[in-house]
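Hydrogens, waters and symmetry mates play no part in the numbers below; they use all other heavy atoms, side chains included. Per chain, numbering begins at 1; letters A, B, ... match sequence-line order.
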Amino acid sequence: MSAGCQAEFSAPDYDLAATLASGQAFRWRPFGVPASAGFPDRLKAGHRTGGEWEGVIGPRWVRLELRADVIVAQTARPQHDWQWLREYLQFDVNLSEILRTFPDDTPMRDAVAACRGLRLLRQEPWECLASFILSSTKQIVQIRQIVALLCERFGEPVPRGGNLQSSHAPSPRPSPPVGERGKTGGAFAFPSAARIAACTEAELRACKMGFRAPYLLKSARKVAGGEVNLERLKIISCAEARDELLKLPGVGRKIADCVLLFAYGFQEAFPVDVWVRKALRQLYFPRRRVTEKRLARFAAEHFGPNAGYAQQYLFHFVRTRGLPPVARPAKA
DNA sequence: GTCCAGGACCTAG
DNA sequence: CTAGGTCATGGA
């Protein structure tokens with residue numbers, strides 16, 4: 001094993017696979033699998049990829065492995081302070097206390113029973129914001145592809161640990177070339193707002209992001225230029241922070257709430273996407289037509305102080321389990 | 001081929 | 001405030 005550094009963290013009740021692969025962050029992949037290989041959009045219930053994952057947090061490549069209530073972290077370079085990882089994985093969060101605040105109804109009980117151990121991460125604001133600008137009307141597997149291309153082409157290279165090459169036989173079908181730098185199997189940091197702001201729209205479109213390219217470009221300019229100060233959002237209220245995010249092109253209520261929840265830790269934020277909307281309608285309002293506004297009000301009032309956490313449980317629950325009766329109509 | 005994807009935005013009623 | 005069209009791209 002190459003140099004690097006390793007540490008262990010007590011992590012009871014932590015479903016690493018669900019947490020890293022359930023669509024709140026887009027840069028994690030099973031360790032030792034080539035970037036081009038990808039992995040299924042929806043992990044099946046209880047799916048474990050050997051519990052070994054790799055990704056990049058800020059400027060650091062890291063490998064994570066879950067072993068019976070312990071998470072083992074390995075980096076490429078020596079670390080004397082692991083606070084960045086504690087913060088990202090939110091080791092200090094007491095999951096039981098959060099689950100206790102969930103409404104005591106059948107849908108939530110089912111979701112918690114099915115997804116226990118699912119956590120919320122605390123991500124870098126710009127990476128989270130940019131990623132979710134790219135997320136609109138895209139499947140999670142595609143968001144990962146777009147983000148990977150963006151990082152390969154415009155992110156700073158970071159040293160990668162482990163030994164990918166020796167642990168994986170040459171793939172039978174070589175992956176299609178995805179840019180000049182991606183072929184080496186290297187790792188890259190997420191490109192800064194300033195770097196994205198320096199791109200042309202054509203360069204961004206070449207990362208397969210389509211009509212989202214101008215949104216990302218304009219938002220990057222506003223962030224890099226200081227017109228929207230992402231650091232300041234940490235010290236103002238959730239509602240005020242939301243108003244700031246809504247100034248950015250390509251950012252509506254849903255994406256703003258994702259950033260508030262996944263990057264700033266505003267746990268009252270409740271992103272409503274197509275999956276959560278389906279879950280709310282079918283689990284809480286079966287065969288009754290509910291207006292969009294009524295649904296939003298219900299979501300705001302029903303799920304308590306950790307509504308965002310509840311939302312992630314509902315999201316993961318319906319995506320992994322599917323929705324019971326009406327969701328899969330037989331094709332006569 | 002069709003439908004849909006962790007939407008936002010613009011226009012018209 | 002709601003309804004519909006538009007924007008790219010690729011899974012399923």
With heavy atoms under 4.0 Å as the rule, sort A/Gly23 into base, sugar-phosphate or nothing.
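The answer is base, as A/Gly23 lies within the cut-off (heavy atoms under 4.0 Å) of a base atom.
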Under 4.0 Å between any heavy atoms, over every strand shown, what does A/Val251 touch: base, sugar-phosphate, or nothing? Just pick one.
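Sugar-phosphate contact only.
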What's the closest nucleotide to the A/Ile255 side chain, out of B/dA8, C/dA8, C/dC1?
B/dA8
Of the options C/dA8, B/dG6, C/dT2, whose atoms approach the side-chain atoms of A/Trp275 most closely?
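Given the options C/dA8, B/dG6, C/dT2, the side chain of A/Trp275 is closest to B/dG6.
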Can you measure [X] atom [atom1] to [N] atom [atom2] for me and round it to whole angstrom units?
X        : N     : atom1 : atom2 : result
A/Lys247 : B/dC9 : NZ    : P     : 15 Å
A/Arg212 : C/dT6 : CZ    : P     : 17 Å
A/Leu216 : B/dG7 : CG    : P     : 16 Å
A/Glu292 : C/dT2 : CD    : C1'   : 10 Å
A/Met209 : C/dA8 : CE    : C1'   : 11 Å
A/Leu314 : B/dG6 : CG    : P     : 16 Å
A/Leu150 : C/dA8 : CG    : P     : 18 Å
A/Arg144 : B/dG6 : CZ    : P     : 10 Å

Between A/Gln142 and A/Lys138, is a side-chain hydrogen bond (donor to acceptor under 3.5 Å, both in side chains) present by the stated rule, with each step listed?
CA-CA 6 Å; A/Gln142 292 183 339; A/Lys138 275 293 180 195; 3.2 Å; yes
No-H, no-angle donor-acceptor pair, A/Gln312 side chain to B/dG6 base, under 3.5 Å:
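Flag set: donor-acceptor pair detected.
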Answer yes or no: side-chain N or O of A/Lys138 and base N or O of C/dT9 forming a donor-acceptor pair under 3.5 Å.
yes
Is [X] near enough to [N] that one of its side-chain N or O atoms lies under 4.0 angstrom from OP1 or OP2?
X        : N     : answer
A/Arg319 : B/dG6 : yes
A/Lys278 : B/dA5 : yes
A/Lys254 : B/dA8 : no

Gap in Å between the two P atoms, one belonging to C/dT6 and one to B/dG6, rounded:
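It comes out at 23 Å once rounded to the nearest Å.
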For A/Phe188 and A/Val158: C-alpha separation, side-chain torsions, deciding distance, then whether side-chain contact (heavy atoms from CB on, under 4.5 Å) applies.
CA-CA 5 Å; A/Phe188 302 90; A/Val158 300; 5.8 Å; no
Under 6.0 Å from the six-membered ring centre of A/Phe154 and within 45° of its axis: does the NZ or CZ of A/Arg195 meet both?
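Checked: cation-pi criterion not met.
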Assess A/Arg60 against A/Trp84: is NZ or CZ under 6.0 Å from the centre of the six-membered ring, and within 45 degrees of the ring's axis?
yes
Strictly below 4.0 Å, heavy-atom distances to any atom of DNA chain B: list the hits from residues 129-137 of chain A, or just say none.
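DNA chain B contact set from residues 129-137 of chain A: A/Ser135, A/Ser136, A/Thr137.
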Aromatic rings A/Tyr284 and A/Phe298: how do their planes relate, parallel, tilted or perpendicular, breaks at 30° and 60°?
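If you compare the ring of A/Tyr284 with that of A/Phe298, the planes turn out tilted.
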Once the angle between the rings of A/Phe102 and A/Tyr309 is folded into 0 to 90°, is it parallel (under 30°), tilted (30 to 60°) or perpendicular (over 60°)?
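Tilted: the ring planes of A/Phe102 and A/Tyr309 meet at 30° to 60°.
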Checking A/Asp257 against A/Arg242 for the side-chain contact (heavy atoms from CB on, under 4.5 Å) test, could you report, in this order, the C-alpha distance in whole Å, the side-chain angles of both residues, the deciding distance, and whether it holds?
CA-CA 7 Å; A/Asp257 279 354; A/Arg242 180 182 293 116; 2.8 Å; yes
Does the side-chain contact (heavy atoms from CB on, under 4.5 Å) test come out yes or no for A/Tyr88 and A/Glu124, once each step is laid out?
CA-CA 8 Å; A/Tyr88 185 90; A/Glu124 289 291 323; over 6 Å; no
Would you sketch DNA chain B in dot-bracket for me? Only Watson-Crick or G-U wobble pairs with both distances under 3.5 Å count, crossing pairs as [ ], other-strand pairs as |, the rest as dots.
.||||.|||||||
In sequence, state the C-alpha distance, the side-chain angles, and the governing distance for A/Ser136 and A/Tyr215, and then conclude on side-chain contact (heavy atoms from CB on, under 4.5 Å).
CA-CA 11 Å; A/Ser136 71; A/Tyr215 291 153; 5.8 Å; no
Quick check: on DNA chain B, is the nucleotide nearest A/Phe26 upstream (toward 5') of the one nearest A/Pro249, or the reverse? Name the residue that is more 5'.
A/Phe26
Mark this stacking check for A/Tyr215 against B/dA8 as yes or no, applying ring centres under 5.5 Å and ring planes under 30°.
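Stacking is absent between B/dA8 and A/Tyr215, given that the ring centres and planes do not meet under 5.5 Å and under 30°.
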I'd like to know whether CD of A/Glu201 has more than 12 heavy-atom contacts from other residues, nucleotides or ligands below 6.0 angstrom.
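More than 12 within 6.0 Å, yes.
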